[in-house]
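These notes are about the structure you will find just below.
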Amino acid sequence: MTTDTTIGTTTGTTIGPARTEKTGARTDEAATLIGDARERIDALDDRIIGLVQERMAVSAVIQDARLTSGGRRVNLSREMEILGHYRDALGKPGTALAMTLLELCRGRI
């Protein structure tokens, strides 16, 4: 057993203060797990951002086609379908996420 340099108690592992502050962990094992999981989250976030950008580009094509044909920029019934889809899949926060996506994608032509 060693003394934990962060909290001053006897534990099976010693970790440094910088690692604790960065991860909130109290052991090297937990800090490593958290660090690895955060790297995965960062990679997922990059993919999500890329997909949102792709969605914005596709939405711009749709809006351009709709306006060119004499239609309106926004199709409210379609937006309601999207809101329902996200709500059904993710619950109430899904509705907020869908609203954010719709806001990002409106008027980008």
Exercise. Is Glu79 paired with Arg106 through a side-chain N to carboxylate O contact shorter than 4.0 Å?
Worked result: yes
Exercise. Which of these, Ile62, Asp64, Thr68, sits in a side-chain contact (heavy atoms from CB on, under 4.5 Å) with Arg66?
Worked result: Ile62
Problem set entry | Shared hydrophobic cluster, Ile48 / Tyr86 (ILVMFWY, side-chain heavy atoms < 4.5 Å) | yes
For this session: Measure the spacing between CG of Leu101 and CG of Leu97 and express it to the nearest 0.5 Å.
Result: 5.0 Å
Seminar exercise, completed: Distance col, row Leu51:CG vs Arg55:CZ, nearest 0.5 angstrom, shows 11.0 Å
Exercise. Can you tell me how far CD1 of Ile34 sits from CD1 of Ile41, rounded to the nearest 0.5 angstrom?
Worked result: 10.5 Å
For this session: Kindly indicate, with the supporting measurements, whether the criterion side chain to side chain contact (heavy atoms under 4.5 Å, CB included) is fulfilled by Arg38 and Thr23.
Result: CA-CA 9 Å; Arg38 284 182 177 171; Thr23 66; 4.2 Å; yes
For this session: Determine the minimum heavy-atom distance between Cys105 and Ser59, stating which atoms define it.
Result: O-OG, 3.2 Å
For this session: Would you give the length of the straight line joining atom OG1 of Thr95 to atom NZ of Lys92, rounded to the nearest 0.5 angstrom?
Result: 8.5 Å
Exercise. Which one of Met80, His85, Glu81 satisfies the side-chain contact (heavy atoms from CB on, under 4.5 Å) criterion with Leu83?
Worked result: Met80
